[in-house]
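Per chain, numbering begins at 1; letters A, B, ... match sequence-line order.
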Number of protein chains: 2
Amino acid sequence: MRHGPDIAPIAALVGDPARACMLTALMDGRALTAGELAREAGVAAQTASGHLARMEEAGLLVRRKQGRHCYVALAGEEVGRMLEAIMGVAVTSGRTRARTGPREPALRAGRVCYDHLAGTQAVELLEALVARGALWQEDADLTLTDDGAALFEDFGIDIRTLRTSRRPLCRSCLDWSERRFHLGGGLGAAVLLAIFERGWARREEGTRIVRFTADGLRRFRAAFVSDGQGTDGTTR
Amino acid sequence: MRHGPDIAPIAALVGDPARACMLTALMDGRALTAGELAREAGVAAQTASGHLARMEEAGLLVRRKQGRHCYVALAGEEVGRMLEAIMGVAVTSGRTRARTGPREPALRAGRVCYDHLAGTQAVELLEALVARGALWQEDADLTLTDDGAALFEDFGIDIRTLRTSRRPLCRSCLDWSERRFHLGGGLGAAVLLAIFERGWARREEGTRIVRFTADGLRRFRAAFVSDGQGTDGTTR
DNA sequence: ATAATGTTTCGGCACGGGCCGAAGCATCGA
DNA sequence: TCGATGCTTCGGCCCGTGCCGAAACATTAT
């Protein structure tokens, strides 16, 4: 082993099917109980318990005992990004996974990526925002323009408050299904939250899938994607 | 297993110490022979051969037979990014690797990250470029300003040509040793190339370490870091 | 209390896979 | 043509570890 961080122990943890399954299930950023994760991975509770202990020990997860339940979540956004990075390689990896489940299309269309939106809709959103000048995309890097800030403020997202957070405002996140970038960071999270609050889309129970309603999709596109400058008076 | 790319096989490959060692050795972007990788990992040639075959099969590596040698390299930048992402988690992961080798300080100071510079010098470079207005850093996102483009053109880097490439020009890459960002992407690669061409630094044989000469470091800083001032707040 | 549910610890089994010895192919240099 | 070098394939050993049964522990409900 040459010098530098030792990646083998971390990767080995992710490399077990049962553990990978649990981590994937946690990718939506929510906390699940140990029992739920055990069922998710298809192993007995004892086995899952052992896995979770090791992953917490390694800093991949955080566990919080509450009553007789044990809530488990990813230790941080960095872990999520690592998992997405591995997914990016996995999806390229030769044989593209023999059987694509029936839910696969829905998952590619819209899903939660840690705490922001990913999938076709998310990629469309980002590219539309860039096209209308709300975001400035130079290569893979994103910057919110003044126009964009105004757009989101009008929409009801408090950009100024978001800026005070230590969390990056805009982050381009590589979408494993689209192979293009979508919007992450604090702004990405805020947008997804707004989508849920307005009922434009709902999460499918027990999955990462985000399903837009027909009306919600229309409104979503009207707000960000289309518009062009048809009614320039609307903004500010 | 829920739906989505199956990360376990990829992570399992990285999770073996010998294979992780080989991958880490390839992180500098160069191709190494199977034999060199075997010695690097401390395993017999047959063992290494098996590992390499599996990793190629999975799309992590590319092998190219040339004469009686077999040259091996990472399959692409995406694989490198995945490895860096895992390193980022590994370095956070509780115990920070018991014994830090004697070369560790040099590695932290300057090293090759796939094809651009990483380490203290690289972080210093990025922050200086931002401070003088050559790059615009909003959160984690980087954009080359007009002033910055002029700076690099004067320096001898052909920004216009770089822009024509499909590769992102500026990419912020999280530095595992500094826990801050350094400059990657096409521009980052071009800068490192220029540093070598001008003899400001040399690679230490057989490692990722980049050692600046005393004079080279002075010139490097004069070109990018110091100088100071230059632009007022020319935010676009 | 007693029972039910959820989680953890312990112990032992069994399978997968990493490892090397031996041998088989290629290529390069006399 | 003949050895030397580098890589690969095959076969068998063996250690690591994922798995579950059994049981202990903790919390909540009846």
What's the CZ-P distance between R39(A) and dC20(D), to the nearest Å? 14 Å

Which nucleotide sits closest to the side chain of K65(B): dT8(D), dG6(C), dG18(D)? dT8(D)

Should R63(A) be listed as having a side-chain N or O under 4.0 Å from OP1 or OP2 of dT7(C)? no

Could you state the atom-to-atom distance from CD of Q46(A) to P of dG21(D) in whole Å? 7 Å

Heavy-atom count around R63(B) CZ within 6.0 Å, excluding the residue itself: above 12? yes

Winner on side-chain proximity to A44(A), out of dC20(D), dT8(C), dT9(D), is dC20(D)

Reckon H69(B) has a side-chain N or O less than 4.0 Å from the OP1 or OP2 of dC28(C)? no

Looking only at dT8(D), dT8(C), dG18(C), the nucleotide nearest the S49(A) side chain is dT8(C)

Sort out for me which residue in V43(A), V72(A), L32(A) forms a side chain to side chain contact (heavy atoms under 4.5 Å, CB included) with M22(A). V43(A)

H51(B) NE2 to dG16(C) P, straight-line distance once rounded to whole Å: 18 Å

E57(B) CD to dT8(D) C1': how many Å, rounded? 16 Å

Output the rounded distance in Å from CD (E56(B)) to P (dC7(D)). 14 Å

Y71(A) has an atom OH; how far is it from atom C1' of dT27(D), in whole Å? 13 Å

Identify, between A12(A) and G35(B), the residue whose nearest nucleotide on DNA chain D lies closer to the 5' end. G35(B)

dT17(D) phosphate, OP1 or OP2: any side-chain N/O from R54(A) under 4.0 angstrom? no

Mind checking A45(A) for me? I need base, sugar-phosphate or nothing, with any heavy atom below 4.0 Å counting as a touch. base

Can you tell if the side chain of V14(A) reaches within under 4.5 Å of the side chain of M82(A), non-hydrogen atoms only? yes

Measure the distance from CG on D16(A) to P on dG18(D) and round it to the nearest whole Å. 5 Å

Separation of R64(A) atom CZ from dT7(C) atom P, in whole Å? 15 Å

Is the ring pair W200(A)/F155(A) parallel, tilted or perpendicular, if the boundaries are 30 and 60 degrees? tilted

Take a 6.0 Å sphere around CZ of R198(B) and say whether it holds more than 12 heavy atoms from other residues, nucleotides or ligands. yes

Any T47(A) side-chain N or O less than 4.0 Å from OP1/OP2 of dC19(D): no

